[in-house]
Amino acid sequence: MENILKEKIREAVKVLFNGNACDDLIQVQETRKDFTGDFTLVVFPLLRFSKNTPEKNGEIIGSHLAATFPAVKGYNVIKGFLNIEVSDAWWIGNFSAMAAENDLFGRCRVSKPETILIEYSSPNTNKPLHLGHIRNNLIGFSLYRIQSACGHRVIKTNIVNDRGIHICKSMLAWQKHGNSETPHSSGLKGDHLVGKYYVMFEKEWKLEAEALISSGMNEEDARNSAPIMKEAREMLIKWEAGDKEVMDLWSMMNSWVYEGFDETYHALGVDFDKIYYESETYQPGKDIVFKSLEKGILYRKDDSSIWIDLTAEGLDQKLLLRSDGTAVYITQDIGTAVLRQADYSFDKCIYVVGNEQNYHFQVLKAVLKRMGYPWSDGLIHFSYGMVELPEGRMKSREGTIVDADDLISEMKETAREVSIELGKLGDFTAEEREEIFRKIGLGALKYFILKVDPRKNMTFNPSESIDFNGNTGPFIQYTYARIRSVFRKAEQSGVEYDPALLPGSPAGPKEIMLIKLLRNFSKAVSEAASANSPAVVANYCYDLAREYNQFYHDFSILGEENQALRNLRLAISEVAGKALSSGMWLLGIEMPDRM
RNA sequence: GGCCCCAUAGUUCAAUGGAUAGAACGGAGGUUUCCUAAACCUUAAAUUCAGGUUCGAUUCCUGGUGGGGCUACCA
């Protein structure tokens with residue numbers, strides 16, 4: 001409609017003022033709620049074509065449109081804004097097409113589908129997942145769904161940091177103190193078990209270092225020469241040499257961790273199409289570095305470490321390989337990127353990684369470009385903000401890490417408490433109830449995190465937990481459950497609706513308001529895709545649920561109203577239900593039929 | 001020191017350069033003969049400061065203040 005209107009306005013300008021208005025000058029937007037009208041033309045930019053006041057100009061264009069375009073019911077001019085009213089019949093005619101859509105409701109389709117790789121999650125194998133990972137996983141997974149809904153081919157990948165000194169730390173502690181403890185024998189989730197030994201190492205290391213400091217050593221030397229740290233380094237050397245005993249221990253403990261992670265991923269409802277391991281990509285990365293060195297893109301320092309000079313790009317000099325020939329973080333990322341391009345020929349590769357690594361990804365992109373990979377332009381660092389607690393950043397030293405598994409079960413528990421307190425779900429079986437508590441608890445958590453603009457830091461208050469009222473997941477879920485209920489009731493009383501009746505339906509302002517909102521669903525999806533922001537979809541869902549609730553409040557299906565209006569309302573409910581569930585699906589949030 | 005990001009009601013979040021800056025929570029008050037009261041309605045409350053560009057700035061530019069991040073031969 002906007003486009004049709006723009007065209008009509010362009011013609012009007014031509015006829016009335018003999019001016020050629022280009023697209024930027026014709027600004028049509030939706031009319032704000034507190035004014036009458038559906039679309040609004042901003043008149044200011046068109047003043048250049050005539051010498052009238054803005055009001056006069058709006059008046060002229062408005063009357064011309066109303067006279068020549070039947071879908072325009074009326075208009076009014078306020079200051080420099082021309083509000084155009086579109087006829088109800090046009091809205092309902094437009095809506096009946098939506099009512100007929102299948103369950104792929106409102107997906108937008110881009111004209112040029114691309115292959116997009118999304119990397120998210122990226123855990124370390126020595127610690128369980130925490131709140132920061134939850135935000136990462138939810139954003140990554142939702143981006144996957146949003147980009148897919150736009151018609152792109154999207155591959156979800158994960159890169160696991162399974163190599164390096166940190167892994168040796170937990171292995172060593174387990175060897176010393178583990179007594180062959182396994183997830184099975186301890187009853188601990190694998191990632192938590194390994195995390196426990198990592199913490200144990202850190203404690204012991206600290207004690208040894210303190211002892212050395214009190215005997216007169218400076219802090220850095222003490223940390224480096226603590227016996228347990230030396231042992232860890234020896235273990236890393238053995239690992240890199242492929243020592244069988246160390247490798248076996250490494251694979252065993254990693255497999256525990258992966259089992260633990262899988263459980264958490266499953267609970268969060270996220271998954272991956274392809275998992276890369278740092279242990280498999282650092283070597284290709286090193287090879288690439290050597291090749292680039294031969295080509296003269298890189299340089300070697302006297303201590304034989306390898307560097308790249310990025311000062312021309314406004315960045316610094318960056319180390320790509322240590323003097324002892326071992327790989328650093330970025331070496332591995334170079335290897336991974338090249339492997340991925342070979343595997344999938346991606347157009348874009350989106351890295352969902354926290355904003356503390358902005359510099360790292362700037363460098364990565366620049367390095368790959370310098371190395372001559374044209375696809376490096378398609379690397380996108382999707383930088384999201386930190387999750388902070390009311391008292392500030394999460395710090396493991398202060399024990400303020402919010403564990404992912406704990407949080408998920410707390411959310412389910414809260415959902416249970418709230419539901420029981422409200423006296424809900426009396427007639428369900430225990431299993432059905434658990435399932436609903438799970439959906440609500442996770443819905444609350446996911447929505448709470450995804451509704452915030454991902455680029456911004458956000459505050460998470462665990463003690464207040466998460467609200468179930470207001471702009472929340474459960475509010476939207478509840479709205480959806482009531483829509484389903486409307487249809488259950490309608491069915492019971494034998495009321496059917498007939499989409500064929502829609503074009504002639506009467507409609508009030510509330511109906512039109514909702515129809516307008518529903519039309520915007522695919523717009524919200526494409527906006528979310530271009531901005532890479534699930535928050536756009538989340539806030540759209542909330543607006544819709546809110547409008548629907550207001551509309552629903554005095555909505556009586558079984559009342560004495562005429563058949564056509566009843567039909568329209570049922571149709572709106574149906575489409576609103578589709579839009580809400582489609583929208584929440586894009587966020588990875590499940591919708592219960594009842595709650 | 002250098003580079004990057006952020007700043008909106010008491011709090012948590014919104015607002016392609018457009019109209020009177022929206023919600024929610026919390027506070028105060030109200031609404032269930034019909035649809036699920038996890039709802040709905042009413043009410044008080046905000047753009048960090050100073051300039052600039054513009055018909056028009058929360059939005060863009062410059063500077064100040066305040067907060068966060070990066071600046072590892074860690075990942």
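Model, not experiment: these values are computed from the prediction.
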Exercise. Would you indicate, yes or no, if B/rG68 has its OP1 or OP2 atom less than 4.0 angstrom from a side-chain nitrogen or oxygen of A/R455?
Key: no
Quiz prompt | Results of side-chain hydrogen bond (donor to acceptor under 3.5 Å, both in side chains) for A/E388 - residues two or more places apart only | solution = A/N457
Practice problem: State which residues pass side-chain hydrogen bond (donor to acceptor under 3.5 Å, both in side chains) with A/E280; sequence neighbours excluded, sorted by chain then number. | Solution: none
What are the atom names and distances for every N/O pair under 3.5 Å that joins the protein to nucleotides 12-15 of chain B?
from, atom 1, to, atom 2, distance (Å)
B/rC13, OP1, A/T459, N, 2.9
B/rA14, OP1, A/D453, N, 2.5
B/rA14, OP2, A/K456, NZ, 3.4

Quiz item: Contact class for A/S419 vs. all strands (heavy atom < 4.0 Å): base, sugar-phosphate, or nothing?
Solution: base
Quiz item: Taking OH from A/Y542 and P from B/rC25, how many angstroms apart are they, rounded to a whole number?
Solution: 7 Å
Practice problem: Return one dot-bracket line describing RNA chain B 5' to 3' (Watson-Crick or G-U wobble pairs, both distances under 3.5 Å; ( ) same strand, [ ] crossing, | another strand, . none). | Solution: (((((((..((((....[...)))).(((((.......)))))....(((((..]....))))))))))))....
Practice problem: Can you tell me, in whole Å, how much space there is between the C1' of B/rC40 and that of B/rA7? | Solution: 35 Å
Quiz item: Using a cut-off of 4.0 Å on non-hydrogen atoms, how would the nucleic acid contact of A/Q357 be classed: base, sugar-phosphate, or nothing?
Solution: base
Quiz item: Would you say A/F44 stacks on B/rG56, if stacking means ring centres under 5.5 Å apart and planes within less than 30 degrees?
Solution: no
Quiz item: Expressed in whole Å, how much space separates the P atoms belonging to B/rA57 and B/rU20?
Solution: 11 Å
Quiz item: Looking at A/Y552, does any N or O in its side chain come under 4.0 Å of the phosphate oxygens OP1/OP2 on B/rU36?
Solution: yes
Quiz item: Does a side-chain heavy-atom distance below 4.5 Å link A/L41 with A/L5?
Solution: no
Quiz item: Which value, in whole Å, describes the distance between the P atoms of nucleotides B/rA45 and B/rC6?
Solution: 30 Å
Practice problem: May I ask you to say what A/T40 touches in the nucleic acid, namely base, sugar-phosphate or nothing, with a heavy-atom cut-off under 4.0 Å? | Solution: base
Quiz prompt | Sequence-distant partners of A/Y384, ring pair (Phe, Tyr, Trp, His ring centres under 6.0 Å), two or more places apart | solution = none
Practice problem: Considering only atom P, compute the distance from B/rC61 to B/rA28 and round it to an integer number of Å. | Solution: 43 Å
Practice problem: Name the closest nucleotide to the A/R594 side chain, picking from B/rU36, B/rG69, B/rU20. | Solution: B/rU36
Quiz item: Between A/H553 (NE2) and B/rA37 (P), how many Å, whole number?
Solution: 8 Å
Exercise. Just call it for A/I440: base, sugar-phosphate, or nothing, with non-hydrogen atoms closer than 4.0 Å on any strand.
Key: base
Quiz item: Mind checking whether A/F448 and A/F460 have parallel, tilted or perpendicular rings, split at 30° and 60°?
Solution: perpendicular
Quiz item: Which part of the nucleic acid, if any, lies within reach of A/R48 when heavy atoms closer than 4.0 Å are counted: base, sugar-phosphate only, or nothing?
Solution: nothing
Quiz item: Among all residues two or more places apart in sequence or in another chain, which pass the ring pair (Phe, Tyr, Trp, His ring centres under 6.0 Å) test with A/F382?
Solution: none
Practice problem: Mind checking ring pair (Phe, Tyr, Trp, His ring centres under 6.0 Å) for A/H166 and listing every partner two or more places apart, or none if nothing turns up? | Solution: none
Practice problem: For B/rU59 versus B/rU32, give the span between their C1' atoms, rounded off to a whole number of Å. | Solution: 44 Å
Quiz item: Charged N to carboxylate O below 4.0 Å: is that the case for A/E435 and A/R438?
Solution: yes
Self-check item: For atom CZ of A/R223 and atom C1' of B/rA72, their distance in whole Å
Solution: 14 Å
Quiz item: Out of B/rA19, B/rA39, B/rG69, which nucleotide sits closest to the side chain of A/R32?
Solution: B/rA19
Self-check item: A/F475/A/Y478 aromatic ring centres below 6.0 Å
Solution: no
Quiz item: Taking 4.0 angstrom as the limit, do A/R594 and A/E432 come out as a salt bridge?
Solution: no
Quiz item: Closer to the 5' end of RNA chain B via nearest nucleotide, is it A/N161 or A/Q362?
Solution: A/Q362
Quiz item: For A/F35 and B/rA19, are the ring centres under 5.5 Å apart with planes inclined under 30°?
Solution: yes
Exercise. Tell me what A/Q29 touches on the nucleic acid: a base, only sugar-phosphate, or nothing, going by heavy atoms under 4.0 Å.
Key: base
Quiz item: Between A/A327 and A/A481, which has a closest nucleotide on RNA chain B that is more 5'?
Solution: A/A481
Quiz item: Given atom CD of A/E547 and atom C1' of B/rA23, what is their separation to the nearest angstrom?
Solution: 12 Å
Exercise. Take the protein atom CZ of A/F551 and the nucleotide atom P of B/rC35, then report the distance between them rounded to whole Å.
Key: 17 Å
Self-check item: Rounded distance in Å between the P positions of B/rG26 and B/rG52
Solution: 44 Å
Exercise. Respond yes when some side-chain nitrogen or oxygen of A/K318 is under 4.0 Å from OP1 or OP2 of B/rA72, and no when none is.
Key: no
Quiz item: A/N83 near the nucleic acid: base, sugar-phosphate alone, or nothing, with a heavy-atom cut-off under 4.0 Å?
Solution: base
Quiz prompt | Interatomic distance, A/D543 CG vs B/rA23 P [rounded to whole Å] | solution = 10 Å
List, with names and distances, any nitrogen or oxygen atoms from the protein found under 3.5 Å away from nitrogen or oxygen atoms belonging to nucleotides 41-46 of chain B.
from, atom 1, to, atom 2, distance (Å)
B/rC41, OP1, A/Q550, NE2, 3.1

Practice problem: Using only side-chain N and O atoms of A/Y359, determine if any of them is under 4.0 Å from OP1 or OP2 of B/rC70. | Solution: no
Quiz prompt | Rounded distance in Å between the C1' positions of B/rU33 and B/rG29 | solution = 24 Å
Practice problem: Sequence neighbours left out, what passes side-chain hydrogen bond (donor to acceptor under 3.5 Å, both in side chains) with A/R322? Give chain and number order. | Solution: A/T326
Self-check item: Nearest-nucleotide pick for A/E356, side chain only, options being B/rC40, B/rC70, B/rA38
Solution: B/rC70
Practice problem: Select one nucleotide: of B/rC25, B/rC74, B/rU36, the one nearest the side-chain heavy atoms of A/R322. | Solution: B/rC74
Self-check item: Sequence-distant partners of A/Y277, ring pair (Phe, Tyr, Trp, His ring centres under 6.0 Å), two or more places apart
Solution: A/Y258
Quiz item: Quick one: side-chain hydrogen bond (donor to acceptor under 3.5 Å, both in side chains) partners of A/E434, sequence neighbours excluded?
Solution: A/R416
Practice problem: Name the nucleic acid region contacted by A/Q477, choosing base, sugar-phosphate or nothing; use a 4.0 angstrom heavy-atom cut-off, strictly under. | Solution: nothing
Quiz item: Does A/K516 reach the side chain of A/E30, with side-chain heavy atoms less than 4.5 Å apart?
Solution: no
Quiz item: Expressed as a whole number of Å, how far does the C1' atom of B/rG1 sit from that of B/rU53?
Solution: 32 Å
Quiz item: Does the ring of A/F475 lie flat against the base of B/rA38, closer than 5.5 Å centre to centre with planes under 30°?
Solution: no
Exercise. Verify the contact: side-chain N or O of A/K424 to OP1 or OP2 of B/rA38, cut-off strictly under 4.0 Å; return yes or no.
Key: yes
Under 3.5 Å, sequence neighbours excluded: what are the donor-acceptor pairs made by side chains of residues 540-547 of chain A?
from, atom 1, to, atom 2, distance (Å)
A/Y540, OH, A/L517, O, 2.7
A/E547, OE2, A/K33, NZ, 3.0

Exercise. Measure from OH on A/Y282 to P on B/rA75 and round the result to the nearest Å.
Key: 12 Å
Quiz item: Can you check the A/Y478 OH to B/rA37 P distance for me, whole Å?
Solution: 5 Å
